[in-house]
Amino acid sequence: MAIDPRNPDPGFLAFWRERHVCTLTTPRPDGTPHVVPVGVTYDPEGGLARVIASGHSRKVAHVRAAGEAGARVAVCQMAGRRWATLEGIAVIREEPGLIADAEARYTERYQRTPRPNPARVLIEITLTRAMGRP
C-alpha cells in the first residue's frame with residue numbers, strides 16, 4: 001500500500017514510533033544490495049529518516065560512494081505480519097548538531113542512549129516513497 005511519507009496515516013506513524021530493529025539497504029559498488037540491521041528514526045514533518053552509524057562502516061562507505069547526489073536506499077521494519085518501508089536518497093552528514101539531534105531522536109525511540117562513538121556520522125535519508133501494512 002503506497003503512503004505519502006510526509007503525510008502518513010496515524011497507524012503508519014504509530015508503527016514507526018514503536019521500538020523495532022530495522023534494516024537499511026544500500027547499494028554496493030557492483031549494484032547488489034547490502035542489508036544490515038539498524039535503528040531508524042522517522043520524521044515525516046521533515047521528510048527524513050535518520051540512521052546513526054560509525055563513519056568506518058560499509059553502509060556509510062556505500063552511501064559516500066554515490067557522491068553528492070546521494071544513494072538510493074530503503075529502511076524497513078516488521079513485526080509479525082505488520083511491516084513498513086521508507087525509501088529515499090541518503091547522504092552522509094557530519095555536522096555535530098545534526099548528529100546530536102539524531103542521537104536524541106534515537107534515544108527517544110529506542111529508550112536507550114547510543115554508546116559514545118567519536119567516529120559517528122548521520123545517514124540522512126530524504127524520503128521519496130513509503131509503503132507498508134502496519
Side-chain angles (χ1 to χ4, degrees):
M1 164 193 293
I3 296 162
D4 179 353
R6 294 186 67 94
N7 188 27
D9 66 64
F12 189 81
L13 185 56
F15 187 49
W16 277 102
R17 299 285 189 247
E18 295 173 12
R19 186 180 189 278
H20 295 288
V21 173
C22 304
T23 60
L24 168 67
T25 304
T26 58
R28 291 186 181 103
D30 68 1
T32 61
H34 177 254
V35 183
V36 294
V38 295
V40 176
T41 60
Y42 174 34
D43 173 12
E45 295 82 19
L48 301 171
R50 296 174 178 89
V51 176
I52 55 175
S54 174
H56 306 296
S57 68
R58 293 303 316 151
K59 59 187 164 281
V60 169
H62 295 153
V63 174
R64 285 190 198 280
E68 288 184 26
R72 294 201 61 79
V73 303
V75 290
C76 182
Q77 69 179 21
M78 59 182 282
R81 293 179 177 217
R82 300 183 308 150
W83 63 275
T85 298
L86 300 169
E87 297 179 17
I89 306 297
V91 296
I92 303 303
R93 304 295 299 261
E94 298 186 54
E95 298 95 322
L98 293 178
I99 294 169
D101 177 63
E103 290 170 335
R105 291 169 186 271
Y106 178 97
T107 298
E108 181 180 338
R109 180 174 188 203
Y110 290 98
Q111 301 299 303
R112 72 175 193 82
T113 302
R115 65 177 170 71
N117 181 351
R120 179 164 291 135
V121 298
L122 167 61
I123 301 172
E124 183 181 77
I125 306 164
T126 299
L127 301 174
T128 58
R129 183 180 302 177
M131 60 189 135
R133 294 203 183 274

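The chain is numbered in sequence order, starting from 1.
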Quiz item: To the nearest 0.5 Å, what is the distance between CD1 (Ile99) and CZ (Arg120)?
Solution: 8.5 Å

Self-check item: Donor-acceptor under 3.5 Å (Arg19 side chain, Tyr110 main chain)
Solution: yes

Quiz item: Looking only at atom types and distance, does a side-chain atom of Arg28 sit under 3.5 Å from a main-chain N or O of Pro33, one as donor and one as acceptor?
Solution: yes

Self-check item: Nearest heavy atoms of Ala49 and Leu86, plus distance in Å
Solution: CB-CD1, 4.2 Å

Quiz prompt | His62 side chain reached by Pro29 side chain, heavy atoms, under 4.5 Å | solution = yes

Exercise. Indicate, with yes or no, if Leu122 and Val63 share a hydrophobic cluster defined by side-chain heavy-atom contacts under 4.5 Å among Ile, Leu, Val, Met, Phe, Trp and Tyr.
Key: no

Quiz item: Quick one: does Arg72's side chain have a donor or acceptor within less than 3.5 Å of a partner on Glu87's backbone?
Solution: no

Practice problem: Compare every heavy atom of Ile89 with every heavy atom of Ala69, then report the nearest pair and how far apart it is. | Solution: O-CG2, 3.2 Å

Self-check item: Derivation of the side-chain contact (heavy atoms from CB on, under 4.5 Å) call for Arg58 and Val36
Solution: CA-CA 10 Å; Arg58 293 303 316 151; Val36 294; over 6 Å; no

Exercise. Report yes if some heavy atom in the side chain of Thr23 is under 4.5 Å from a heavy atom in the side chain of Val38; otherwise report no.
Key: no

Quiz item: Between the main-chain N or O of Val40 and the side-chain N or O of Arg105, is there a donor-acceptor pair closer than 3.5 Å?
Solution: no

Practice problem: State whether the side chain of Arg109 and the backbone N or O of Glu18 hold a donor-acceptor pair below 3.5 Å, judged by distance alone. | Solution: yes

Exercise. Under the side-chain hydrogen bond (donor to acceptor under 3.5 Å, both in side chains) rule, what do Arg112 and Tyr106 come out as? Steps first, then yes or no, please.
Key: CA-CA 8 Å; Arg112 72 175 193 82; Tyr106 178 97; 3.0 Å; yes

Self-check item: Working for side-chain contact (heavy atoms from CB on, under 4.5 Å), residues Leu48 and Thr126
Solution: CA-CA 5 Å; Leu48 301 171; Thr126 299; 3.8 Å; yes

Self-check item: Same cluster (ILVMFWY, side-chain, under 4.5 Å), Leu13 and Ile3
Solution: yes

Exercise. Please report the shortest heavy-atom distance between Val91 and Gly70, naming the atom on each side.
Key: CG1-CA, 3.9 Å

Quiz item: Between Thr128 and Pro5, is any pair of side-chain heavy atoms under 4.5 Å apart?
Solution: no

Quiz prompt | Geometric class of the Phe15/His20 ring pair [parallel <30°, tilted 30-60°, perpendicular >60°] | solution = tilted

Quiz item: Which pair of heavy atoms, one from Ile52 and one from Ala102, lies closest together, and at what distance?
Solution: CG2-CB, 3.6 Å

Quiz prompt | Arg129 atom CZ: more than 12 heavy-atom contacts under 6.0 Å | solution = no

Quiz prompt | Shortest non-hydrogen contact between Thr85 and Phe12, atoms and distance | solution = O-CZ, 4.2 Å

Quiz prompt | OG1 on Thr25 to NZ on Lys59, rounded to 0.5 Å | solution = 12.0 Å

Quiz item: Leu127 versus Tyr42: any side-chain heavy-atom pair under 4.5 Å?
Solution: yes

Self-check item: Neighbour count above 12 (heavy atom, 6.0 Å) for Met78 CE
Solution: no

Quiz item: Asp9 and Gly11: which non-hydrogen atoms are nearest, and at how many Å?
Solution: OD1-N, 3.0 Å

Quiz prompt | Derivation and outcome, salt bridge (charged side-chain N to carboxylate O under 4.0 Å, His left out), residues Glu94 and Arg64 | solution = CA-CA 12 Å; Glu94 298 186 54; Arg64 285 190 198 280; 3.2 Å; yes

Quiz item: Measuring from Asn117:CG to Glu103:CD, what's the distance to the nearest 0.5 Å?
Solution: 8.5 Å

